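Report on the following structure.
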Amino acid sequence: MERLIIRGGNQLHGEVSCSGAKNSGLPILAATILLDTPAKIGNLPHLQDITTMLELLNSMGASINFDESGYIEIDASNILLPEARYELVKTMRASILVMGPLVAKYGKAKISQPGGCNIGTRPIDFHLDGLEKMGAKIKSDSKYIYLDAGKLNPIDFNFPKISVTGTENLMMAAAIVEGKTILRNCAKEPEVVELANFLNNCGANIIGAGESTIEINGRASLKSTEWEVLFDRIEAGTYMVAGAITNGHVKINKIKPETIQIISSKLIEMGAIVESGGDWVEVDATTADLISKDISTEPFPGFPTDMQAQFMALNAISNGHSIIEETVFENRFQHVDELKKMGADISLEKNKASIKGVSNLFGAIVSASDLRASASLVLAGLVGKNRTQIEDIYHIDRGYECIEEKLTKLGAEIFREPAEY
Ligand code: UD1
């Protein structure tokens with residue numbers, strides 16, 4: 001076990017580069033199951049969740065080789081055991097992304113129940129309904145879900161609510177189901193578009209990704225391709241907030257500005273200067289006296305739930321009163337109690353947090369409860385007076401590559417130390 005120690009108060013200045021997006025890398029790795037030849041994937045971030053997905057593929061019989069140029073070659077064309085074991089699924093819910101590809105390619109899959117999770121119940125009923133409509137017979141017990149199908153059929157399916165991994169799972173399955181599948185009320189996240197682009201590069205015929213309705217003309221066989229994973233817009237957004245919260249001036253490189261437009265707009269509304277070019281964005285808050293602003297999370301292109309906790313830390317130290325409403329997950333406020341330990345003035349009612357800006361946060365011993373909550377504590381620690389100690393940081397290692405190195409480069413005082421429990 002390790003903890004992060006931060007001595008707050010430094011204004012951040014300088015440049016940092018984004019890593020590959022975890023939420024793009026995971027479905028692309030799962031999609032290699034659909035291919036008939038080995039794939040070469042680059043720009044995968046060094047993160048625990050990516051390692052877990054590679055372990056999962058390997059446990060099913062895929063071969064994985066790291067080459068010197070940083071690419072990973074994955075041959076998942078001959079899976080021996082179409083099973084996602086509990087020990088792996090319990091550490092990463094996104095393991096369910098192998099379900100659609102397995103049942104479409106091998107006619108069966110055994111997937112551990114993903115269970116609850118600390119940001120809400122997060123059911124997978126849409127994934128299962130879609131696959132069942134495609135013809136899979138589904139049984140489950142307390143531990144596993146069993147899917148069995150001869151050959152899947154194309155479907156016309158309407159998601160009752162927008163789901164990112166739900167869209168990805170059904171899109172992947174339909175890519176090799178002969179005939180035309182239509183998915184409606186789909187997630188429009190850049191990571192969904194990226195997955196469709198990857199599959200199309202492998203020979204799939206997917207039209208409309210990034211819009212509400214996606215049409216998939218299934219192909220019997222997909223061949224591999226070399227692919228570079230998209231950069232991480234949530235990581236970029238987190239460093240943008242790091243610049244703003246410290247009244248600093250940071251430039252974030254290797255990012256598509258159009259994927260973080262809503263984050264830039266919110267920071268401009270709050271009083272920061274935000275500029276962007278081809279593959280960079282710059283946040284200057286050196287002369288700003290930031291004003292807190294209301295936020296309501298929404299599926300893309302709305303304000304991302306994955307940035308809610310980070311803006312909670314920023315609003316906590318900005319002028320005025322704001323409301324943050326969480327509409328995507330029902331229990332994504334576990335950072336609130338920890339931020340309050342650092343002096344934030346936040347009260348909660350149902351899915352709304354009411355935040356009164358304070359002039360100072362102060363260091364405290366706090367605990368990270370999920371990935372983005374951890375990021376908000378790091379951000380609060382950057383401005384907190386004195387020493388902040390963040391426990392349970394394995395969550396942060398699931399989603400932020402080299403966070404101490406990147407923040408240190410920007411001028412923060414942050415380091416990791418072993419924690420004895
Ligand atoms: C993905 C992202 C996660 C992000 C979330 C929302 C990955 C690996 N993870 O998670 O970082 O926070 O999108 O942007 O890409 N739902 C159901 N039934 C289902 C599926 C979803 O009720 O079968 C509900 C969920 O409980 C939630 C909402 O739909 O309330 C959206 O969840 P979803 O988009 O599926 O989140 P994930 O894909 O798990």
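Side-chain atoms are counted along with the backbone in the values below, which use heavy atoms only and exclude waters and symmetry mates. Whatever order the structure lists them in is the order used to number ligands and atoms, beginning at 1. Everything quoted here is computed from the prediction, not taken from an experiment.
Where the criterion is an N or O separation shorter than 3.5 Å, residue side chain and backbone included, Asp125 meets it with respect to ligand 1. In terms of polar-atom proximity, defined here as any N/O pair under 3.5 Å, Val164 does make such a contact with ligand 1. Remark: ligand 1 and Val328 share an N or O pair separated by less than 3.5 Å (distance only, no angle test).
Distances from atom 16 (N) of ligand 1 to the heavy atoms of Phe300, Phe329, Phe159, Phe126 show the closest one on Phe126.
Counting heavy atoms closer than 4.0 Å to ligand 1, residue Arg93 contributes side-chain atoms (C-beta onward) but none from N, CA, C or O. Under 4.0 angstrom from ligand 1, the non-hydrogen atoms of Thr165 come from both its backbone and its side chain.
Of the listed residues (Glu326, Gln308, Arg332), just one forms a side chain to side chain donor-acceptor pair (under 3.5 Å) with Thr297, and that residue is Glu326.
Interface of His127 with ligand 1, defined as ligand atoms under 4.0 Å from a residue heavy atom, comprises 23 (O). Near Thr305, meaning under 4.0 Å from one of its heavy atoms, ligand 1 places the atoms 6 (C), 12 (O), 14 (O). Shown in contact with Ile124 at under 4.0 Å from a heavy atom are these atoms of ligand 1, numbered in order with element: 19 (C), 23 (O). Counting atoms of ligand 1 from 1 in the listed order, those under 4.0 Å from a heavy atom of Asn23 are 2 (C), 3 (C), 7 (C), 8 (C), 9 (N), 11 (O), 15 (O).
At a 4.0 Å cut-off, at least one heavy atom of Pro123 sits close enough to ligand 1 to count as contact. Assignment of Ile162 to the shell around ligand 1 is supported, since a heavy atom sits closer than 4.0 Å. Proximity of Arg332 to ligand 1 is established by a heavy-atom distance of less than 4.0 Å. A heavy-atom separation below 4.0 Å is not found between Glu191 and ligand 1.
Classification of the Tyr144-Tyr146 ring pair by plane angle, with boundaries at 30° and 60°, yields tilted.
Side-chain atoms of Tyr86 and Gln113 include no donor-acceptor pair closer than 3.5 Å. Side-chain contact check for His395 and Asp370: no donor-acceptor pair (N or O, by modelled atom type) lies under 3.5 Å.
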- Message: Before you tell me yes or no, could you show the steps for Leu199 and Asn205 under side-chain contact (heavy atoms from CB on, under 4.5 Å), namely the whole-Å CA-CA distance, both residues' side-chain angles and the distance that decides it to 0.1 Å?
- Response: CA-CA 8 Å; Leu199 289 168; Asn205 183 346; over 6 Å; no

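Within the 6.0 Å centre-distance limit, the rings of Phe303 and Phe311 are counted as a close aromatic pair.
Partners of Tyr106 under the side-chain contact (heavy atoms from CB on, under 4.5 Å) rule, at least two apart in sequence or in another chain, are Ile33, Ile79, Leu102.
Salt-bridge annotation for Asp49 and Lys22: present, with a side-chain N of the basic residue lying under 4.0 Å from a carboxylate O of the acidic one.
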Show me the donor-acceptor pairs within less than 3.5 Å that the side chains of residues 231-238 make with the rest of the protein, sequence neighbours left out.
from, atom 1, to, atom 2, distance (Å)
Asp232, OD1, Ile234, N, 2.9
Asp232, OD1, Glu235, N, 3.0
Arg233, NE, Glu191, OE1, 3.3
Arg233, NE, Glu191, OE2, 2.8
Arg233, NH2, Glu191, OE1, 2.9
Glu235, OE1, Ser19, N, 2.7
Glu235, OE2, Lys406, NZ, 2.7
Thr238, OG1, Ile234, O, 2.7
Thr238, OG1, Gln310, NE2, 3.2
Thr238, OG1, Tyr400, OH, 2.8

